[in-house]
Every structure is written in C-alpha cells, then in structure tokens.
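Mind looking over this structure? Questions follow.
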There are 2 protein chains.
Amino acid sequence: MNKRTLPRESGPDATRSLILNTALRLFQERGFDQTTMRQIAAEAGMALGAAYYYFPSKDALVMAFYERAQEELGPRLAGVLSSKKIEHRLRALLEVKFEYFKPYRNLLGALSRHTDPQHPLSPFSENTRPIRERDVGFFEAAVEGATFRIPPDLKPHLARVLWLYQMGLVLFWVYDHSPNQERTRQLVEKSLAMVVTLIKLSGLPFMSPVRRRVVELVLTISSG
Amino acid sequence: MNKRTLPRESGPDATRSLILNTALRLFQERGFDQTTMRQIAAEAGMALGAAYYYFPSKDALVMAFYERAQEELGPRLAGVLSSKKIEHRLRALLEVKFEYFKPYRNLLGALSRHTDPQHPLSPFSENTRPIRERDVGFFEAAVEGATFRIPPDLKPHLARVLWLYQMGLVLFWVYDHSPNQERTRQLVEKSLAMVVTLIKLSGLPFMSPVRRRVVELVLTISSG
DNA sequence: GTCTATATGGAGATAGAC
DNA sequence: GTCTATCTCCATATAGAC
C-alpha cells in the first residue's frame, strides 16, 4: 500500500488541499485581487505563515490550480471523444471545459490578465508548456479520430490553431454576462460550424495558394 | 488670444504635463508595476500629494496617456490615407500606430492585462468608448476611400473587424522580442495579404451563405 | 516537518496646514 | 496648488515553539 494516496482528513496533503480549496473559493467569491493571503489563512483556520509554508506566493496557488485542472480534465476530455464527426468531437471538448471551469469563471477572468508570454502564469509561457502541450494533445486526438478530410499541408498545424480558437472562446465566455452565458453558447455553435466550413472550403483545389499562406502565417506566429 | 493654449514652462498645464511625461518615462524604464507614485513625484520634483492633486490615481495617468495618444494620432492617421489600394491604406494606419507607440511598447505590455471589458482601462470598456469609436472611424475611412469591391452585406461590419485585427497585431507586437520586431513586420505583411484575399474570396457568388454566417458571428460577438 | 506570532518595509491614497 | 505627515493595508520574511 502506498502511504501517499488521497489526502486524509489531517496531515500535510489535507492541509495543502484545504488551503488551495479555501483560496479558490475566496478568489471566486471576492475576486482574486481582493483576496489576501491573510484572509485565506484565517478562513482555513491557520496562521499566515502556515499558508506560506505550503504556497510560497499567491501565484503558487494559481499554478496549483492550473495543475489540478489539467489533472482532473485529462480523463474527462479523453472520455468524451466518441463521435466520429469533427464538429461533435470539438464541441464535446469545449463542453467539458466549460463545465469544469464554471465554478471558477470569475477567477479565470482575473487570470486572463497574464497575456505576457514571459509571465510564468501565462497560458503561453515556458512554465505552463507541459500543461499546454497536453491540452493541445486532446485537440490532436479530436482531429485524428475524425472521419474528415483535412488538407495534408494544413494538418500538422490544425490542432494548435484549434487550441488557440478554444482559448478565444474561453476568454469570451469568462466575460460573457448574458444569462447562463447564452451568448457564448451561440458563439460556439456559429463559430464551430464556420470553422468546419472553412477547413472544408480550404480543401478546394484552387485554394492551395491560400492554404500555403495560412501555413506561413501560422509559422510566423508560433516560431517565437 | 486664448489663454489656455499650449502648456507654458510653468503653470498648471505644464505641471500636469511634467507629471505625465515623467510617469510615462518611468513606466517605460522600470515597468508599470515597479514604478510608484512616490518615484513619479520625486522624479518630477514635487511631493507625493502634489502628483495626486493632478492625477487622483495611477490609473488616471494611464487614461491621460490614452487620451493624449488618441489626440496626437488623429491627424497623423488622417494624413496618411492617400493611396487608393485597401492594402496600402491599412498598412499606412498600422505603420503610424507602431511608430507612435514604439517608445511605449513596454508600457502597452503592462496595460494589456486589462482584458476585462468592465475595467475602465480596457480597450473594450464603456469608459474608453469615445477613443475606440474615433479609432474605428479611421478604419471606416480606410475602407470607404478604397477602390475595392466589398460585398455589401459585409461592409457595415468590416471596419470594426479590421480594428479588432489591428488590436491583435499590436498585442503581438508588444510581446515580439525579435530584433526590431521583425516578426511583427512579417506578420503584418502576410496577414494583410491574407485579409485582402479573404475579403475578395468572400465576394464570390457561392460564398453568400458563408458571408451570412460571418455576419451573424460578428453580431453575436459585438451585441454585448 | 509543521505551524504561531511578530516584524519589516512599501504601496496607494488622504487630511489638512501653508 | 503644493506640501508634510499620516493612514491603512498588504505581501513577504523570520524567529522560534512544538
């Protein structure tokens, strides 16, 4: 038996979890900037230093949130790619994400400030690369397993572009104040149909030069 | 003679300008977050309270920067729309912007955190609407004055989409660490050609349903 | 290894004297 | 309009109890 399995009701793992959960709750309730390390510690029933013992900074809490999300999302994303239609497969991925992040919508809003790829917490940073790559992997899987003719010159880049598209949708969702995020739902439906149409259109013979330029564009953007 | 013309070497307008210029210089040199109101006041040769007399908050300095930029950019943007080719017209607008903002590239990076449309300093906020609308107006002018067939159903939305496209380019530029932002230059050239091609392609007769969907998409996004 | 209590130093902002 | 003095609050560091 492995001693270090699930967090018990006491012990270091449980304390760590308790702090993280408390922090996430407060971030969501009061906003990220308005929540102080003092409040987190107090609400978790311990002294300030104790929280700092487990998380050396407020940003470390955010990083732990990213990692936990990636861990918990993995199986769910993998388990939802059953259809063969690309549109269904992509929609399934999106639905899992929205569902999972729903309790953290406000928090994600606060975190979306990290546009600088140099910042460790940016979705484009070196620091978050492992998380990002695993995530892109699910879009690769969505593309791979679909019965859908993809122009071969586009194929190597498609997953990454779709991942970026998905980031855009999440950003829109985070700031969507319509009831139950109805506008995002519409945007997903309309943009998804459009994305699929565009890929299909791009496969037309006379589109070959356009495809080449798109690929060049993608390379320019991602070569940094 | 109007008494309130240009800032003199002394007087309230001069003091205000001095504070703003000092702040912008420090923001650029040391970073926005690392620069304190104390440093700004000290560097401008006055007490902290004096700086707060002119600018009630650090964000007020940012807003003043936005307003000044809009004012100074206006004539330059208007003066550069001489060609009749849409591609040249758009490139001209972009060049003026990059040129003007070059000394503030670092600062813009720090400001790009304001993704929340609710935040007053966001480029999408209610607060910055007048600035934004005037800016969109230059893209309308760029489209209007071009000898270029634009599908009539796209036309009402094109300027706003191009404005958004331009915001994306600026964001890329802000974080482009290639020498002399060479990658941005490439991105501009390639994406500009692509944008023009796409608009042309969208005018083909059988593209009518695609156009309709694009318009729907734009409406969904901007209806908030 | 885990945690409490306390100290440090700096930030944005303000009140009220001059 | 400009200043000094001060308020309030924070992230973070550390000393040392258990």
Side-chain angles (χ1 to χ4, degrees), chain A residues 2-27 29-65 107 110-111 113-114 119-121, chain B residues 3-4 7-27 29-65 107 110-111 113-114 119-121 127:
Chain A
N2 192 340
K3 261 181 167 175
R4 309 185 72 254
T5 49
L6 284 180
R8 305 270 180 103
E9 292 192 358
S10 71
D13 285 356
T15 308
R16 207 186 129 89
S17 266
L18 174 63
I19 295 169
L20 180 55
N21 290 334
T22 306
L24 292 178
R25 182 167 55 76
L26 292 178
F27 289 160
E29 285 172 10
R30 319 185 177 184
F32 181 74
D33 290 319
Q34 286 67 41
T35 303
T36 70
M37 289 297 276
R38 281 174 165 70
Q39 289 173 328
I40 295 168
E43 196 82 3
M46 66 193 69
L48 178 62
Y52 272 103
Y53 176 75
Y54 288 97
F55 297 96
S57 72
K58 214 171 158 186
D59 280 354
L61 283 162
V62 175
M63 196 58 203
F65 167 62
L107 175 56
L111 298 181
R113 75 176 66 160
H114 296 121
H119 192 290
L121 292 184
Chain B
K3 261 183 169 175
R4 310 185 71 256
R8 304 269 181 103
E9 292 192 2
S10 71
D13 284 354
T15 308
R16 205 185 132 88
S17 266
L18 172 63
I19 296 169
L20 180 56
N21 290 335
T22 306
L24 292 178
R25 182 167 55 77
L26 292 177
F27 290 162
E29 285 173 7
R30 319 185 178 186
F32 181 74
D33 290 317
Q34 285 69 40
T35 303
T36 70
M37 290 297 279
R38 283 171 170 75
Q39 290 173 326
I40 296 168
E43 197 82 3
M46 67 192 69
L48 178 62
Y52 271 105
Y53 175 77
Y54 286 96
F55 296 95
S57 72
K58 213 173 160 184
D59 280 354
L61 283 161
V62 175
M63 196 59 204
F65 166 61
L107 175 56
L111 298 181
R113 75 175 73 163
H114 295 120
H119 191 290
L121 292 184
N127 189 41

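Letters A, B, ... mirror the listed sequences (proteins, then strands); counts begin at 1.
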Checklist entry - Is B/Tyr53 near enough to D/dT2 that one of its side-chain N or O atoms lies under 4.0 angstrom from OP1 or OP2? => result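 No, because none of the side-chain N or O atoms of B/Tyr53 sits under 4.0 Å from OP1 or OP2 of D/dT2.
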
Item to check | Trace of the side chain to side chain contact (heavy atoms under 4.5 Å, CB included) decision for B/Arg113 with B/Asp33 | outcome: CA-CA 12 Å; B/Arg113 75 175 73 163; B/Asp33 290 317; 2.7 Å; yes

Item to check | Under 4.0 Å protein heavy-atom contacts per nucleotide of nucleotides 4-18 of chain C, with B for base, S for backbone only and - for none | outcome: BB-B---SBBB----

Item to check | Partners passing side chain to side chain donor-acceptor pair (under 3.5 Å) against B/Asn21 (at least two apart in sequence or in another chain) | outcome: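 Per chain and number, B/Asn21 pairs via side chain to side chain donor-acceptor pair (under 3.5 Å) with B/Arg68.
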
Checklist entry - Which pair of heavy atoms, one from A/Arg16 and one from A/Tyr54, lies closest together, and at what distance? => result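 So the minimum-distance heavy-atom pair works out to NH1-O, 3.7 Å.
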
Item to check | Over all atoms of both residues, closest heavy-atom pair of A/Ala41 and A/Leu48 | outcome: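 Taking A/Ala41 first and A/Leu48 second, the nearest heavy atoms are CB-CA, 3.7 Å.
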
Kindly list each side-chain donor-acceptor pair under 3.5 angstrom involving residues 55-65 of chain A, sequence neighbours excluded, with atom names and distances?
| residue | atom | partner | partner atom | Å |
| --- | --- | --- | --- | --- |
| A/Ser57 | OG | A/Asp59 | N | 3.3 |
| A/Ser57 | OG | A/Ala60 | N | 3.1 |
| A/Lys58 | NZ | A/Phe32 | O | 3.0 |
| A/Lys58 | NZ | A/Thr35 | O | 2.8 |

